[in-house]
Amino acid sequence: MLDMKYIRENLDEAERRLATRGGAFYLAGFRELDDERRRLLHASEALKAERNRVSDEIGKVKDKSQVQDQILGMRAVSQKIKEQDEELKQLDEKLQALLLTLPNLPDPTTPLGASENDNVEIRRWGNLPAFDFDPKAHWDIGEGLGILDFERAAKITGARFCLYRGAGARLERALLNFMLDLHTGQHGYEEVLPPFMVNRDSMTATGQLPKFEEDLFRLVDPDYLLIPTAEVPVTNIHRGEILKRSDLPIRYTAYTPCFRREAGSYGKDTRGLIRQHQFNKVELVKFTHPSESAAELEKLTADAEQVLQLLRLPYRVMALCSGDIGFSAAKTYDIEVWLPGQSCYREISSCSTFGDFQARRAGIRFREDEKGKPEFVHTLNGSGLAVGRTLVAVLENYQQQDGSVLVPEVLRPYMGGMERIA
RNA sequence: GGAGAGAUGGCCGAGUAGGUCGAAGGCGCUCGCCUGCUAAGCGAGUAUACUGGGAAACCGGUAUCGAGGGUUCGAAUCCCUCUCUCUCCGCCA
């Protein structure tokens, strides 16, 4: 959520900065709603002040018959207050609804651009593997080895699910354990294992609601939603809290499955593991001091990159442009891994800083010192990494001509010493 | 699922025949005094949001005692609904 006062005082600038996302009509109506709300608020509060004052006097009088006039007067005032508050409540809801649908302001360092074509490549790592045969796509490799079974998953549930088997299931587990061990052991993150379904307040705090409900899986009876990313439950760990300056930065890593409807992506990536309704992810989440969030984003991205470096998987890092960053993000780096089966780079991690956007929605604050006023923290998160897509990258980059797949060195301890999936 | 108990400020914990309660007291914390240092002791201060005024320091208003409604001139206190926590029973991985 954006700061109302900032919008009030910098309406044109806010509109201009939002427009760089593409779409220039975001703030229509704000001024009127805000002015009207404050006018009503003043009127209502003045009446309440009067009621409080008179009621106080009434309370001091023993013989109530002497103050019948005041009581009758206040009865009318109370009625008036009730009417005004009803009106005020509706205005508040409208204003709140408007604010909740406004995306974050792009960070000044986010490149300007309209679409993913304007994203900026920041760096590349690793050499693309050379094959003296035609590298296959992971679904062919996986089905050939009997470790990925899409047909039976479709029978069990439907499209966009996968049944992992044998070494495939184990490889997935090896990857996520490897990632968690790396981040907790080397990068200073605390491991957490959060709920995989959350309430609406949590989804609203991180920005999935109210705008993107169609992307989420819902439960019918308790009104809970399946998480599309661990960002949601983990960021909400500190919702409504005031942290100590010395607590910051807080770094969490969490494995969770992620559930996404993928509404509107019919026909996209229909084969294989790239776009599933359920996939595993190891997430990195940080709560930082505002002055440290920029540096922490670089570190977080590097932490995610290191997973790929240790797996010796080539990748590139892209700075997303203003037209391509997500709703809540101020700045985002995507890490894209090389997939030889498809001869392209595919997103495997998205690392973002949200500034105080989520913190304001979630009420996550800190005090600079004992006497300081609470200020909003900055929140960041990134995949470290998407496990399913990492498995895809391993299969495609480590495939051999005979259809087998070498197990990356760092994963062998997690695979019971297995060197090759055959 | 059945029965019962509870939810108050950073923490603990008073407060229910409605008013003087943003809320006793204690702890913690901050500042000052005291002390050779520390401890103890003494004094003062110590919630958040919105909002008005002010350059600011700061001053004022409103709201908040789990959440939402209701009764009343007036609600932490009375009524209703919901949520969560705890205990016992049942069930279950």
Side-chain angles (χ1 to χ4, degrees), chain A residues 1-9 30-100 193-205 209 219-225 233 236-248 250 257 287 356-377:
Chain A
M1 194 155 55
L2 302 182
D3 182 2
M4 256 215 296
K5 284 180 191 150
Y6 168 79
I7 300 178
R8 189 181 294 151
E9 287 158 20
F30 173 84
R31 184 78 84 193
E32 273 172 67
L33 273 174
D34 184 51
D35 284 349
E36 181 63 4
R37 173 183 163 272
R38 283 193 293 167
R39 192 188 63 73
L40 263 170
L41 190 63
H42 287 157
S44 168
E45 289 191 349
L47 285 182
K48 285 176 183 168
E50 187 195 354
R51 182 179 68 184
N52 286 346
R53 187 178 52 73
V54 175
S55 290
D56 236 34
E57 286 168 10
I58 294 172
K60 285 180 186 137
V61 176
K62 290 277 191 309
D63 180 1
K64 301 302 185 214
S65 66
Q66 291 179 0
V67 288
Q68 275 310 305
D69 287 353
Q70 281 94 322
I71 289 178
L72 285 175
M74 288 309 101
R75 187 176 297 174
V77 168
S78 271
Q79 185 55 37
K80 179 76 179 164
I81 290 172
K82 192 176 277 188
E83 287 162 13
Q84 283 190 339
D85 278 355
E86 182 51 40
E87 212 178 325
L88 192 57
K89 190 176 154 194
Q90 286 180 10
L91 269 178
D92 258 331
E93 280 166 6
K94 270 191 209 164
L95 194 58
Q96 202 63 13
L98 173 65
L99 284 173
L100 283 174
L193 183 60
F196 302 158
M197 48 183 90
V198 302
N199 58 35
R200 285 178 177 270
D201 285 346
S202 291
M203 285 291 187
T204 305
L209 293 181
L219 300 187
V220 174
D221 192 350
D223 184 21
Y224 293 156
L225 302 114
N236 275 280
I237 289 174
H238 295 297
R239 171 150 54 88
E241 295 184 10
I242 299 177
L243 306 166
K244 289 204 275 293
R245 174 68 180 95
S246 57
D247 292 338
L248 305 178
I250 297 173
F287 302 80
D356 62 9
F357 185 84
Q358 291 182 326
R360 181 172 283 108
R361 287 177 163 240
I364 308 171
R365 295 172 293 173
F366 75 101
R367 288 184 211 277
E368 186 68 49
D369 54 62
E370 298 285 349
K371 290 183 174 164
K373 282 279 153 214
E375 303 171 51
F376 291 110
V377 302

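Fair warning: this is a prediction, and the values are worked out from it, not measured in the lab. Per chain, numbering begins at 1; letters A, B, ... match sequence-line order.
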Exercise for the section: Go through the steps to decide whether N199(A) and D223(A) satisfy the test side-chain contact (heavy atoms from CB on, under 4.5 Å), and finish with yes or no. Expected result: CA-CA 7 Å; N199(A) 58 35; D223(A) 184 21; over 6 Å; no
Exercise for the section: For rC79(B) versus rU72(B), give the span between their P atoms, rounded off to a whole number of Å. Expected result: 16 Å
Problem - Neighbour count >12 (heavy atoms, 6.0 Å) for atom CD, E32(A) - result: no
Exercise for the section: May I ask you to say what R200(A) touches in the nucleic acid, namely base, sugar-phosphate or nothing, with a heavy-atom cut-off under 4.0 Å? Expected result: nothing
Problem - Under 4.0 Å protein heavy-atom contact, by nucleotide of nucleotides 58-70 of chain B - B base, S sugar-phosphate only - result: ---BBS-----S-
Completion exercise
From CZ of R39(A) across to C1' of rG52(B) the rounded distance in Å is 16 Å
Practice task
Determine the Euclidean distance between corresponding P atoms of rA75(B) and rG19(B); express it in Å to zero decimal places.
Solution key: 11 Å
Practice task
Would you mind reading off the distance between I58(A) atom CD1 and rA75(B) atom C1', rounded to a whole angstrom?
Solution key: 15 Å
Handout entry: Short side-chain to backbone donor-acceptor contact, K64(A) and I58(A), under 3.5 Å
Key = yes
Practice task
Take atom CD of E36(A) and atom P of rU51(B), then tell me their distance rounded to the nearest Å.
Solution key: 15 Å
Exercise for the section: Give one of base, sugar-phosphate or nothing for K64(A), where a contact means two heavy atoms less than 4.0 Å apart. Expected result: base
Handout entry: Spacing between L72(A) atom CG and rU72(B) atom C1', to the nearest angstrom
Key = 13 Å
Handout entry: Nearest-angstrom distance, P atom, rA39(B) to rU30(B)
Key = 11 Å
Exercise for the section: Starting at atom CE of M74(A), determine the distance to atom P of rU71(B), rounded to an integer number of angstrom. Expected result: 18 Å
Exercise for the section: Keeping the roles fixed (side chain from R361(A), backbone from L100(A)), state whether a donor-acceptor pair exists under 3.5 Å. Expected result: yes
Problem - Test side chain to side chain contact (heavy atoms under 4.5 Å, CB included) applied to R51(A) - qualifying residues, sequence neighbours left out - result: K48(A), S55(A), M74(A), V77(A), S78(A), I81(A)
Practice task
Using the C1' atoms only, state how far rA47(B) lies from rG6(B), rounded to an integer number of Å.
Solution key: 23 Å
Problem - Stem list, RNA chain B (Watson-Crick or G-U pairing under 3.5 Å, at least 3 consecutive pairs) - result: B:1-7 with B:83-89, B:10-12 with B:25-27, B:28-33 with B:41-46, B:47-53 with B:58-64, B:66-70 with B:78-82
Handout entry: Derivation of the side-chain contact (heavy atoms from CB on, under 4.5 Å) call for F30(A) and L98(A)
Key = CA-CA 8 Å; F30(A) 173 84; L98(A) 173 65; 3.9 Å; yes
Problem - Whether D356(A) side chain and F376(A) backbone form a donor-acceptor pair below 3.5 Å - result: no
Problem - For R75(A), all residues meeting side chain to side chain contact (heavy atoms under 4.5 Å, CB included), sequence neighbours excluded - result: I71(A), L72(A)
Problem - Residues, nucleotides or ligands: over 12 heavy atoms within 6.0 Å of Y224(A) OH - result: no
Exercise for the section: Output yes when D34(A) and R38(A) qualify as a salt bridge under the 4.0 Å nitrogen-oxygen rule, no when they do not. Expected result: yes
Exercise for the section: Starting at atom CG of L91(A), determine the distance to atom P of rU51(B), rounded to an integer number of angstrom. Expected result: 14 Å
Completion exercise
Between I71(A) and R38(A), whichever has its closest RNA chain B nucleotide further toward 5' is R38(A)
Exercise for the section: Please state the C1' separation for the pair rU85(B) and rC73(B) - nearest whole angstrom. Expected result: 37 Å
Exercise for the section: Without swapping roles, check the side chain of T204(A) against the backbone of R200(A) for a donor-acceptor pair under 3.5 Å. Expected result: yes
Problem - Protein-nucleotide distance (D56(A), atom CG; rU20(B), atom P), rounded to Å - result: 6 Å
Exercise for the section: With C1' as the reference atom in both, quote the distance from rG66(B) to rG9(B) in angstrom, rounded to an integer. Expected result: 14 Å
Handout entry: Shortest side-chain distance from Y224(A), nucleotide among rG74(B), rC84(B), rU51(B)
Key = rC84(B)
Problem - Spatial distance of atom CE (M203(A)) from atom CG (D201(A)) [nearest 0.5 Å] - result: 11.5 Å
Exercise for the section: Quote, to the nearest angstrom, the P distance that separates rU48(B) from rC84(B). Expected result: 29 Å
Practice task
Could you tell me the separation between the CZ atom of R239(A) and the P atom of rC84(B), rounded to a whole number of Å?
Solution key: 13 Å
Handout entry: Euclidean distance for C1', rG90(B) against rC12(B) (whole angstrom)
Key = 35 Å
Using atom names, set out every protein N or O paired with an N or O of nucleotides 44-49 of chain B below 3.5 Å, distance rounded to 0.1 Å.
residue: rU48(B); atom: OP1; partner: R367(A); partner atom: NH1; Å: 2.6
residue: rU48(B); atom: OP1; partner: R367(A); partner atom: NH2; Å: 3.3
residue: rU48(B); atom: O3'; partner: R365(A); partner atom: NH1; Å: 2.9
residue: rA49(B); atom: OP1; partner: R365(A); partner atom: NH1; Å: 2.8

Exercise for the section: Mind checking side chain to side chain contact (heavy atoms under 4.5 Å, CB included) for L41(A) and listing every partner two or more places apart, or none if nothing turns up? Expected result: R37(A), E45(A), L88(A)
